[in-house]
Amino acid sequence: MQSLKDYHPIASLFYFVCVLTCSMITRNPIWVLLCLIFAMIYVIQLKGLKYFLLQVLYFLPMLIFIVFMNSYFNSLGLTVLFYLGKGSPVTVENLTYGIISGLALFTILLWFICFNLLLSADDILAIMGKRLPTIGLSLAMIIKYIPDTIKQGREVLLNQKAMLSEQQLTGKQKVKFATRMLTVLLSWSMENSLETADSMLAKGYPAKNRVNYSREYFNSTDAGLILTMVILFLGHLICAFSGSIKFAYYPFLNWTGLTTNRILLIGSLLSLSLILVFPLLLDIINWFKWQRILKQEQIMQQHIVDGIIVYE
Amino acid sequence: MNKQQTLIEFRDFSFVYPTGEDVPALQKINLQIKAGNLTVLCGMSGSGKTTLLRHLKPELSPAGKKTGDLIFANSLIQKNTPNNRQKIAYVMQNPSNQIIMDSVWHELAFGLENQGLKVQEIERRIAEIAIFFGIETWIDKKVAELSGGEKQILNLASNMILQPDLLVLDEPTAQLDPIARRDFLQMLFYIHSETGISIVISEHNLNDLLENADHVFFLNEGKLDFSGSAIGLADYLFSNDHPYRTVLPLATQVSYLPGINQITKNSSNRPLSIKQGRDLLSRTLPYKSAINLVDDQMYFSDNKLGITDNEIDGFSDEINISDETLKSSNLKSEKFANILTVDRIWYRYNPDDDLVLKEASLNLYKNEIFVIMGGNGSGKSTLLYLMSRALKPFKGQIKSTEQKRIAMLGQNPEAVFAQDTVLQVLTEFKQRFANTEQEINDMIDLFDLRDLLQRHPYDLSGGEKQKLALAKVLLIKPDILLLDEPFKSLDVINKQKIKRILLDLKQKMSIVIVTHDVDFIAEIADRCAMIFNRRIIAQSSTTDFFQKNSYFTTTTYRLTRDIIPKCIIYHDLQQKLQSIMNGEISDA
């Protein structure tokens, strides 16, 4: 299920802005881990476990690199574990900081995977077109232009090869060949865009009162989603930044915010969890709705006698 | 006729391009475009069709010196019409280049957005046009996923959605294959009959078009030489012996042949379609059965049974031999020496894609013209690329007997132009292939490029581009020449010229041609084959190939099948009719 996809692109986009901000504003390990866990679950729900494990595998070298660089260049922290080479100390503190930073980055990556899946280029265009019509139009034209150009590039390459089939090219000739190919492609696509320009003129562009048409409708559920998110997001920011989020890595690990107002602490964690769990919750609710409908249909089937629905 | 409102009128209109060396592109044109008509504008390439059509759309009219009057009906060009409504729509030749947006619905919306319509109005217009054109199923698609024919239908739809009063089309089917062309024209005729919109269309292929035309204009070197009905045009062309007459539908041409002309002369009902032509032929040739009996030794009806090897030996002057026969018989003379063998090749573009070719085989002989036909996307071009070694087969081999130089020219000549002038394009490989000045000069004269040498290749017309690219490839001096759709943008005169050149070249090399142009190819090919179901099938001599097909065959054959036997090309028909009229066959 991809319930978030049913919303207006603006609503979905707003949701992602909220979670991404939440995942980026702090290095507090509890906050980072909470975001990470929900991002993981959501990716698995959308793309499956296998895909997620593959992402972990891809990211692992990056994580190791981040941790290493942090420990190598950052000699802060009191609890020294061992030394790297000639005197860069690896401490519990800088090690933890490195790992948490790496995981925060991974979280953002996972959110972007979801984002890509739920918002298509068309959706982005719909949002852009409303606010910035010229950029929206240019983007749409570019999206049309790219596959055309790739196709043409391939044709130029094949044609150039086919014309001189028996030639084995040396290194220098290859460079020459590539430059020539680019020249051909460039002049050809320039020539073609002149025709596109004519076609735009023929259809009345540029026009003073040009509007932007989008197939998406903004309805009350979209407004509901945005409103809920605004409330939760603001609530979270206020609670968190009133102190509870504060966490110091150096000189030693210390959750300085823990001792501040308990209610605010719980409030901020709760609002964050609600934001994060939101799309999953939607999927679960919709799944149950489906089950109920299927069940009703089954019951209905039992009532059908000789093609006529009979209620007793 | 005169009661119809005049939409656009040209009065003594002349036009000279700024770089036109004072040769007017249009000279003293006097014509009227009537409301509700389907007007066909025809003429050779370079006769000024596009220039004239562009003047019908003020936004696109070219810059240059205009004299005389060009008068638009008030309803067409009222400035500040409500919502900038575009009253004149313009569809161009290239299907992809005139598409502006990324997806089908977005493209349909583009013109309406310019008019500043309300969302509900745009939505309704898109819905009605999609249903009217029957394109609802692909409204969500990206334009890159559409075929050329679909793209052109979309261009028609995205213009019709603006509810124009006049639809102008400049060679809209020139880049489409025959099937897509048929679909497009049918859609156009449907729109015309359903909405009564005025249409002006220019085309270089007049088949299927003239029978639906209300009015025809014929342009010749910038002058309006004829204005009137389709049959009037035919009469005009034949009475003046104009070379353009060969563009007329075949059925019309046949009605002017001696013997038949006497019968049709006084009636105004000359045939324009195959059906009408067949009616005419069967009416005029009452000795139908007699002809069948005396034609050669082969009865026409026997053809359905296929030709046996023994019979084939009788045709010694033709390469009338299928592959199987060649293998079994001892005819493997010098003439049929294998020059290239495609041995059971498999090909797919990407590991996950379906196979494009599977176990495809063919033999290419020395000094022959071999033609490959087939539907859109059947892998014809892919096969040529494989033969040229630009692509490598995934399985199977392409073997040539000795070191043969292969050169290929693809569908779009633009892909081989890297220089700024025609001369530079031709001399690019001068050193590499040791071209002498003499060779280059000969090539320039052969393809009439002398006057164009300093022009930019992109400023040439479609036909001239094609000729330039062909000249360039021939300077590589190949042993095997591979051509992909080489006749697409050529007019009659140039086609005849290229035909002669190719027949000459045959003495020196083998030529493989991929094309849709069945009628033209039947005149020059030695052997033909089709690609279907990822294989090369029906490899056989040209006569054999077209006689065994009933639908995928030449227009001449479709016109004469069961009436006059064994007519594949127009020339056959002329000869046969001649002998029938002289009474030779019925006497024998």
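In what follows, chains carry the letters A, B, and so on, assigned in the order in which the sequence lines appear, proteins first and then strands, with residues in each chain numbered from 1. No hydrogens, no waters, no symmetry mates; every other heavy atom, side chains included, goes into these values.
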Closest non-hydrogen atom pair between B:Phe110 and A:Arg210, with its separation: O-NH1, 3.5 Å
Best-contacting candidate, B:Ala415, B:Ser381, B:Pro478, against chain A by heavy atom pairs under 4.5 angstrom: B:Ala415
Separation of A:Arg215 CZ from B:Ile139 CD1 (nearest 0.5 Å): 7.0 Å
Neighbour count >12 (heavy atoms, 6.0 Å) for atom CZ, A:Phe112: no
N-O pairing of B:Glu107 and A:Lys144 below 4.0 Å: no
Test: B:Lys57 and A:Asp198 ion pair at under 4.0 Å: no
Toward chain B, the part of A:Thr183 with a non-hydrogen atom under 4.5 Å: side chain
B:Val416 versus chain A, the contacting section by heavy-atom distance below 4.5 Å: both
Test item: B:Ile122 and A:Val211 side chains (from C-beta on) under 4.5 Å apart, heavy atoms: yes
Options B:Phe429, B:Tyr90, B:Phe417, ranked by heavy-atom pairs under 4.5 Å with chain A, top entry: B:Phe429
B:Asp484, part contacting chain A, at a heavy-atom distance under 4.5 Å: neither
Partner set under side-chain hydrogen bond (donor to acceptor under 3.5 Å, both in side chains) for A:Tyr217, not counting sequence neighbours: B:Glu123
A:Lys203 NZ to B:Asn114 CG distance, which is reported to the nearest 0.5 Å: 9.5 Å
Per-residue contact mode, B:Lys472 against chain A (heavy atom under 4.5 angstrom): side chain
Straight-line distance of B:Gln98 CD to A:Glu195 CD, nearest 0.5 Å: 6.5 Å
Residue pair A:Asn159 / B:Tyr385, side-chain donor-acceptor N/O under 3.5 Å: yes
Derivation of the side-chain contact (heavy atoms from CB on, under 4.5 Å) call for B:His106 and A:Leu137: CA-CA 10 Å; B:His106 218 160; A:Leu137 176 66; over 6 Å; no
For chain A, the option from B:Ser158, B:Ala144, B:Pro58 that forms the most heavy-atom pairs under 4.5 Å: B:Ser158
Whether over 12 other heavy atoms sit under 6.0 Å from B:Gln431 CD: no
Distance-minimising heavy-atom pair for A:Tyr213 and B:Glu113: N-OE2, 2.8 Å
Atom group of A:Leu186 that falls short of 4.5 Å from chain B, counting heavy atoms: neither
B:Glu145, part contacting chain A, at a heavy-atom distance under 4.5 Å: neither
Contact origin within B:Leu384 toward chain A - heavy atom pairs under 4.5 Å: neither
A:Met163 to B:Ala407 - nearest heavy-atom pair and separation: O-CB, 3.6 Å
Nearest non-hydrogen partners of A:Met141 and B:Ile100, listed with the distance: CG-O, 3.5 Å
Pairwise distance CE(B:Met101) to CG(A:Leu139) - rounded to 0.5 angstrom: 10.0 Å
Shortest non-hydrogen separation from A:Ala140 to B:Asp102 and the atoms involved: O-CB, 3.4 Å
Inter-residue atom distance B:Gln86.CD - A:Leu201.CG, 0.5 Å rounding: 9.5 Å
Donor-acceptor pair, side chain of B:Tyr458 and main chain of A:Trp188, under 3.5 angstrom: yes
For the student: nearest non-hydrogen atoms of A:Thr196 and B:Asn97, plus distance: OG1-O, 2.7 Å
Atom pair CD1/OG of A:Ile143 and B:Ser103 - distance to nearest 0.5 Å: 8.5 Å
